[in-house]
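One structure is given here, and the rest of the page talks about it.
Any value given below was found using the heavy atoms of this structure, including those in side chains, with hydrogens, waters and symmetry copies removed.
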2 protein chains.
Amino acid sequence: MPPETDSSVPPQSAVSLDVLALRFWPDDETVHLGITHRKAQPFLGRLALPGVLLTRGARLADDAHRAVTTKLGVPASAIRAVGQLITFDEPNRDPRGPTLSIAMWAVCAPVESTADWAPLSAVPALAFDHDRIVADCRPLLAAKLWSDLTFTRALLGDSFSATRAVAATAALRRDPPNPANLNRLMASIPTLSRTDQRVRHHSTGRPAAIWTWT
Amino acid sequence: MPPETDSSVPPQSAVSLDVLALRFWPDDETVHLGITHRKAQPFLGRLALPGVLLTRGARLADDAHRAVTTKLGVPASAIRAVGQLITFDEPNRDPRGPTLSIAMWAVCAPVESTADWAPLSAVPALAFDHDRIVADCRPLLAAKLWSDLTFTRALLGDSFSATRAVAATAALRRDPPNPANLNRLMASIPTLSRTDQRVRHHSTGRPAAIWTWT
DNA sequence: ACAAAAGTGTTTTTTATACACCCATGG
DNA sequence: CCATGGGTGTATAAAAAACACTTTTGT
């Protein structure tokens with residue numbers, strides 16, 4: 001068995017995939033981002049986005065699933081949807097050597113996991129350039145709400161109250177939306193319709209209507 | 001010299017970078033896409049987008065430059081700007097094995113090259129999944145015009161006539177813009193201003209104003 | 001003068017935003 | 001019956017699109 005010539009650097013940069021895993025469960029007041037303490041060097045113990053190296057032959061969606069399941073402990077069945085964001089290519093973003101990162105989003109359904117979940121408005125400092133990834137991708141996520149319906153449905157669920165629609169929108173955008181206008185925005189989406197059911201989120205005030213996808 | 005164990009598959013998919021290289025030179029009536037006959041298998045001799053494998057430690061912009069210079073014969077100094085589009089991850093998009101492709105755009109200045117240039121409205125069939133890449137990326141390019149000013153300036157040049165602004169817009173969008181409205185759109189861009197100079201593109205009709213970036 | 005193309009003025013449509021006020025409910 | 005939050009109606013603003021018409025040129 002000939003000695004491996006590990007001294008020869010690989011011809012390509014490594015390519016990793018980092019996931020902005022979101023959750024907005026029925027009892028969540030805001031959208032949360034899934035993060036985890038790193039189990040290995042570098043940045044051992046530090047908080048970071050769930051990430052994996054790309055697998056040969058895998059789709060990006062598959063690798064995103066793997067990152068969420070293995071790093072956040074979320075079962076695959078609880079991943080409602082995933083999608084692509086942008087690629088980060090700073091050569092020094094990983095101290096181990098040049099590593100591209102393809103940023104993806106994922107939305108997780110309510111389930112037990114080993115992840116830490118930070119409100120999107122209070123994400124702690126993260127390892128690598130993950131602070132920058134979160135900062136750069138946040139406007140992209142905000143733009144997806146109500147325009148990328150796969151993303152929107154995954155985040156809000158198959159049926160949701162108007163109150164929660166307001167909360168999700170407030171979490172992703174800078175300032176909270178006008179509830180009256182958001183109501184009309186939802187009414188203008190063909191695949192979304194309002195039901196007669198109402199639900200109460202506060203001890204007082206009118207209960208909110210339930211909306212469902214058709 | 002021990003035999004190379006080429007039978008061991010690499011752990012990651014290869015990652016290539018394919019470039020939608022655009023030109024819109026003073027004498028071009030429409031925007032053209034740079035393509036080239038492949039010099040190697042697979043698809044030897046077939047037309048394809050210029051593409052390269054990622055280089056370790058390189059920025060995506062560097063590799064995009066390399067693809068345009070080596071595959072299209074465009075000197076580096078003639079590449080006005082480059083940028084990122086989206087990543088394609090069909091596992092079977094390359095017969096040699098799983099290969100991701102990061103699609104980039106580039107804009108080339110007038111200069112001699114070895115490339116074929118096809119009008120964007122008449123791109124011939126291409127190798128790999130490059131037809132799909134062009135189809136998927138075209139709306140993204142259309143959206144960049146007049147909103148991504150780096151892209152817009154690279155395409156139209158430092159100064160350009162209103163007539164050419166109309167032609168470039170018609171080339172990237174489906175149907176031609178209303179010249180009156182495009183005129184106002186340009187006037188609303190702070191870094192763009194109209195000069196007193198006029199230029200004639202047709203044998204008849206009023207000559208068009210020249211616009212410049214400030 | 002006429003045809004062709006650029007550009008202006010103006011209207012219309014659409015979309016987004018704002019805000020006054022009515023509705024439903026628990027205390 | 002009042003405070004609270006949901007929802008409707010409507011006004012306002014901004015942006016986009018449409019279209020009639022004027023200007024500038026070569027023939």
Hits for ring-ring contact (aromatic ring centres under 6.0 Å, His included) against His32(A), two or more places apart or cross-chain, chain-then-number order -> none
If you round to the nearest 0.5 Å, how far is CG of Asp158(B) from OG1 of Thr214(B)? 11.5 Å
Specify the residues of residues 161-172 of chain B, ordered by number, for which at least one heavy atom lies under 4.0 angstrom from an atom of DNA chain D. none
Taking any atom under 4.0 angstrom from a heavy atom of chain A, which nucleotides of DNA chain D are the first and last to qualify, 5' to 3'? dA3(D) to dT10(D)
Given DNA chain C, 5'-ward residue of the pair Arg198(B) and Arg198(A), judged by closest heavy atom: Arg198(B)
Can you tell me the distance, in whole Å, between the NE2 atom of His202(A) and the P atom of dC23(C)? 22 Å
Does anything in residues 176-192 of chain A reach DNA chain C, meaning a heavy atom under 4.0 Å, and if so which residues? Asn178(A), Ala180(A), Asn181(A), Arg184(A)
Pairing donors with acceptors under 3.5 angstrom, does anything connect the side chains of Arg93(A) and Thr99(A)? no
Residues two or more places apart in sequence or in another chain: which of them pass salt bridge (charged side-chain N to carboxylate O under 4.0 Å, His left out) with Asp28(A)? Arg23(A)
For nucleotides 11-15 of chain C, give me every protein contact, N/O to N/O, under 3.5 Å, one pair per line with atom names.
none

Looking at His37(B), is its backbone amide N or carbonyl O close enough to the side chain of Lys39(B) to form a donor-acceptor pair, meaning the two atoms are under 3.5 Å apart? yes
Test of understanding: with side-chain hydrogen bond (donor to acceptor under 3.5 Å, both in side chains), list the residues that count as partners of Thr169(A), not counting sequence neighbours. Trp146(A)
Once ring-ring contact (aromatic ring centres under 6.0 Å, His included) is applied, do any residues pair with Phe128(B), and if so which ones, sequence neighbours excluded? Phe43(B), His130(B)
For Trp105(B), all residues meeting ring-ring contact (aromatic ring centres under 6.0 Å, His included), sequence neighbours excluded: Phe151(B)
If you compare all heavy atoms of His201(B) against all heavy atoms of Ser161(B), which two are closest, and at what distance to 0.1 Å? NE2-OG, 2.6 Å
Please lay out, stage by stage, how Phe24(A) and Leu156(A) fare under the test side chain to side chain contact (heavy atoms under 4.5 Å, CB included). CA-CA 7 Å; Phe24(A) 184 57; Leu156(A) 289 165; 3.8 Å; yes
Pairwise distance CG(Leu126(A)) to CZ(Arg46(A)) - rounded to 0.5 angstrom: 8.0 Å
Sequence neighbours excluded, the answer for side chain to side chain contact (heavy atoms under 4.5 Å, CB included) partners of Arg174(B) is Arg138(B)
Integer-rounded Å distance: dA5(C) P and Arg206(B) CZ: 14 Å
N-O pairing of Asp62(B) and Arg59(B) below 4.0 Å: no
Stacked cation flag Arg132(B) on Phe88(B), 6.0 angstrom / 45 deg: no
Could you check which residues of residues 207-214 of chain A get a heavy atom under 4.0 Å from DNA chain D? Sort them by number, please. Pro207(A), Ala208(A), Ala209(A)
Can you name the salt bridge (charged side-chain N to carboxylate O under 4.0 Å, His left out) partners of Arg194(A), sequence neighbours left out? none
